[in-house]
Amino acid sequence: MKKSLWAGSALLLSLFACQAAFAEGGAVADQYKWLTFVVFGAIIGLTMYVTYRAAKQTSSAADFYAAGRSVTGVQNGWAIAGDYLSAASFLGIAGLISLYGYDGFMYSVGWLVAYITVLLVIAEPCRNIGKYTLGDILAFRNNPKASKTVAAISTVTVSTFYLTAQMVGGGVLVKTLIGIDYEISVIAVGILMLTYVVFGGMKATTWVQIIKAILLVTASILLVLFTWGQYGFSFPGFLDAVVGNADVQKQVAKLLGDAATNMTPEQLGQRFLEPGLFLKNPIDQISLGMALVLGTAGLPHILMRFFTVPTAQDARKSVIWAMGIIGGFYVLTLFLGMGAAINVTPATIVGLDKGGNMAAPLLAQFVGGGPDSLLGNFFLAFVAAVAFATIVAVVAGLVLAAASAMSHDLYVGVVRGDHATAQEQITAARVATVIVGALAIYVGIAAKGQNVAHLVALAFAVAASSNLPAVFLTLYWKKTNTYGVVAGMLVGAFSAIYLVMVSPNMTYPLAKIADAKKVLEGTPATPAKEAAAAQWGFSCELFASADCKKEVKASPEKPAVPGAKEKLAKAQTDLAALADEAAKAAKQKEIAGLEKAIKAAEDDLKKFEGQTTSMMGLEKPWFQLKNPGLISIPLGFLVTILVSLFTRDRRSDEMWDELYVRQNTGINAEGAQAH
Amino acid sequence: MASNINWAAIDSDPRFQALHKKKTTFLWSLMIISTVYYFLLPIGAAYYPDLFKIKVWGPMNVGILFALSEFVVAWTIAAVYARRANRDFDAMAAEIVRDVA
């Protein structure tokens, strides 16, 4: 009775909180917003109840950080999926597929393959020798204080990058879906997540992640049943519908530009199922692939999940389950994305969000009966609530990882030299959680309007260049020592961050100003060009240099293209001459579009006026790839290996036998706690 | 369990050496197969687009089949590893642990 009261009041409270933040706009029509809040309330109520139960069982550090090591392999598999499938993969990849077809699907593959590394080399050994954190694994044979300090720095760095992307993405998403103010949604995500983690620790976090993963998979399966079912579950039949769809053909024609002029509608549709509409730079692709495949195994919040199961065998089982769920989910995304492309149309999806994030929610609305139906809006509300639960669950896992690095590694391990009472440990953990949580809310609000999409890729790159070489070599290479690990982690992390700061991900004012001018004034006529041979080596793919010259193909003279200002003047004179109402309305729409483009360009001009260089003092990017992994990962490994070879550390040598026997056999592994 | 375990002795135990050897070869071969197979996808899409465009079944082309096969290969590797570890490696490790306790 008492329990249900508790849950009931939490539900009501959250409902009121949502209603108070009610604002106009968003994908959900105003008269259906109450539906969204009912679904949100139900999910929040359920997770609060779980947190209440977990809080009663959380009394020691092992409970707080590792759920008392009592999570089963299957549960942990679902929790890993819940921890890993962020809004970026749920909404982002479905969106990419709906806008760019094949390339979006190809992009999703690496996120699953990443778990092969986790399964084969990381999960079981880490469970056998670790305790709560990445720092514990490294401290096994390296100098504990040095390795815990550097592991904590790296954990907080990786988690903060990932966290910022989640908070900003989450705030924008909730605003786009239901029109709640950005700041309020960031604060709501932060407070909910803090409630779960502070009171329920890893136990509550685990259950929130499991609930979210089940909701996500259920929602996706239902949507796929409806969309694919129309075609009798025939895969070629479904693809035929994609190829033959006029909106898909229009989207491909838009993406291809001039190249589309001589193609039949049939060919345009088929082009949607072929590579090259989105991912244009294969070397960047490979660089990202390396960061995914090696970085996932070095993500602190994923590593931490393996300490929650009783044995290494359960860790193995949990990765197998996670791979089934994550892989199955990405296969479903193919249908979600293509289904959204046919039924919602790419133009509508881009209209609400440029990155395509609204593809899955809009598909849900369509499946239920469209924007004017109760069922359609219920489905949309459900998917919106799942997206919200997704953000909260991922953020909770990240905050827990960063907080444990601060409290367990830095405070208990380094400051107190591992002499802290049980009570002190758990208090430190909760205090650290509140600090990290408050920081997450602050960063989320401070970074409003910033482009943070590249931060997730950067988190993977740092994890792959810093954490993975350290963990992998500590586990498998006898000569690894403290000096190598510390040097390798620092060089790996800093090189990844530095390369991104001088990459095309940053904002370059000169390019922005040139783009804005082009929009306003158009491009002048260019004279005919003569062919010139290329001066191009592999290094030109990576770094900017005056010696690099791309091949120039001979091209005829090109006429000038008018800018938006000129077009606007023309449209206005045209409008005055028009008599037909329909034609007038169309012209007015065109004028409104042009005025919007002019305003955006003029805002950019004002914003970047007088600036010539990026925050790193560059006029143009020096590093040519968006993903630094190709350089920083080998560098991280190389520095760890070289420094280890040229230095000696007795403890690292002496502990090797014990580490190697224990990671393979599980002797003396941290056991499960009975409750 | 005894705290003064002679780790070096276990390490040089022929049974442990056999486990180590078996595991190392097995893990490395799976790792190499999966990595090579994965990177064939972006490389193929970028440098052999004409191959990816060949239609196999209705509008379904080699590229889509190949991307789907990435999932199948990843799951197969996971299953092969789990089977081997459950059947062989766990038993070999358990035997070593039994003698220590």
Side-chain angles (χ1 to χ4, degrees), chain A residues 102-103 105-106 108-110 112-113 115-117 119-121 124 234-237 239-240 242-244 269-271 273-276 279-283 285-286 288-290 293 312-313 316-317 319-320 323-324 327-328 330-331 334 476 655-662 664-668, chain B residues 1 3 5-13 16 19-20 23-24 26-28 30-31 33-35 37-39 41-47 49 52-53 55 57-61 63-64 66-68 70-75 77-79 81-82 85-86 89-90 92-94 96-97 100-101:
Chain A
Y102 184 82
D103 277 5
F105 185 50
M106 189 170 99
S108 74
V109 171
L112 170 71
V113 174
Y115 276 87
I116 298 278
T117 321
L119 176 69
L120 297 181
V121 293
E124 295 176 46
S234 148
F235 192 43
L239 293 180
D240 267 328
V242 175
V243 171
Q270 185 67 33
R271 187 68 186 81
L273 307 180
E274 291 164 358
L279 306 166
K280 315 251 176 197
N281 185 342
I283 296 172
Q285 271 288 101
I286 291 167
L288 173 69
M290 283 174 69
V293 169
Q313 283 75 31
R316 179 189 307 152
K317 199 171 169 186
V319 189
I320 302 282
M323 284 183 70
Y330 284 133
V331 174
L334 175 66
Y476 293 97
M655 294 297 286
W656 166 254
D657 281 338
E658 178 174 350
L659 174 131
Y660 201 71
V661 170
R662 279 176 60 171
N664 277 296
T665 59
I667 299 174
N668 282 2
Chain B
M1 212 170 280
S3 55
I5 297 169
N6 186 347
W7 302 106
I10 305 176
D11 196 14
S12 49
D13 185 328
F16 185 78
L19 172 66
H20 158 76
K23 240 176 141 171
T24 310
F26 186 63
L27 292 184
W28 274 110
L30 286 188
M31 195 67 211
I33 294 170
S34 77
T35 312
Y37 198 75
Y38 167 58
F39 283 106
L41 182 67
I43 293 172
Y47 299 105
F52 272 42
K53 287 175 183 176
K55 286 202 242 175
W57 183 21
M60 192 181 337
N61 55 29
I64 292 183
F66 190 54
L68 284 171
E70 290 278 346
F71 288 83
V72 178
V73 167
W75 285 325
I77 286 178
Y81 168 73
N86 291 337
F89 300 153
D90 283 356
M92 290 171 83
I96 298 163
V97 176
V100 178

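Labels below follow one simple rule: chain letters A, B, ... track the order of the sequence lines, proteins then strands, and each chain is numbered from 1.
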Bottom line for B:A94: the part with an atom under 4.5 Å from chain A's heavy atoms is neither

With sequence neighbours left out, the residues meeting side chain to side chain contact (heavy atoms under 4.5 Å, CB included) with B:L27 are A:L120, B:Y81

message: I'd like to know if the side chain of A:Q270 and the backbone of B:P59 have a donor-acceptor N/O pair within less than 3.5 Å.
response: yes

By salt bridge (Lys or Arg N to Asp or Glu O under 4.0 Å), A:D103 pairs with (sequence neighbours left out) none

Check your understanding: Checking A:N664 side chain against B:A93 main chain: does a donor-acceptor pair fall under 3.5 Å?
Key -> no

Bottom line for B:D13: the part with an atom under 4.5 Å from chain A's heavy atoms is neither

>> Is the shortest side-chain heavy-atom distance between A:E658 and B:D11 below 4.5 Å?
In response: no

When you compare the side chain of B:H20 with that of A:V661, does any pair of heavy atoms fall below 4.5 Å?
no

d(A:F105 CZ, B:E70 CD) to nearest 0.5 Å is 9.5 Å

Honestly, the part of A:I286 sitting under 4.5 Å from a heavy atom of chain B is both

Rounded to the nearest 0.5 angstrom, the OG1-CZ distance for A:T665 and B:F89 is 14.5 Å

Honestly, the part of B:F71 sitting under 4.5 Å from a heavy atom of chain A is both

Honestly, the part of A:V331 sitting under 4.5 Å from a heavy atom of chain B is both

Review point. Is A:Y102 reaching over with its side chain to a backbone N or O of B:G63, donor-acceptor style, under 3.5 angstrom?
Key: yes

Cut-off 4.5 Å, heavy atoms of chain A, and the answer for B:L68 is both

| task | Answer whether the closest heavy-atom distance between the side chains of A:R662 and B:W7 falls below 4.5 Å. | result | yes

Step by step, work out the side-chain contact (heavy atoms from CB on, under 4.5 Å) result for A:I667 and B:I10. CA-CA 11 Å; A:I667 299 174; B:I10 305 176; 4.2 Å; yes

So, the part of A:I320 with a heavy atom under 4.5 Å from chain B: the answer is side chain

Cut-off 4.5 Å, heavy atoms of chain B, and the answer for A:F235 is side chain

Okay, B:S12 and chain A: the region with an atom under 4.5 Å from a heavy atom over there is neither

Counting C-beta onward and ignoring hydrogens, is there a side-chain heavy-atom pair between A:N668 and B:I5 closer than 4.5 Å? yes

Are the side chains of B:F39 and A:V113 in touch, meaning some heavy atoms are under 4.5 Å apart? no

Checking B:W57 side chain against A:P236 main chain: does a donor-acceptor pair fall under 3.5 Å? no

Side chains of A:E274 and B:F52, heavy atoms from C-beta outward: is any pair under 4.5 Å?
no

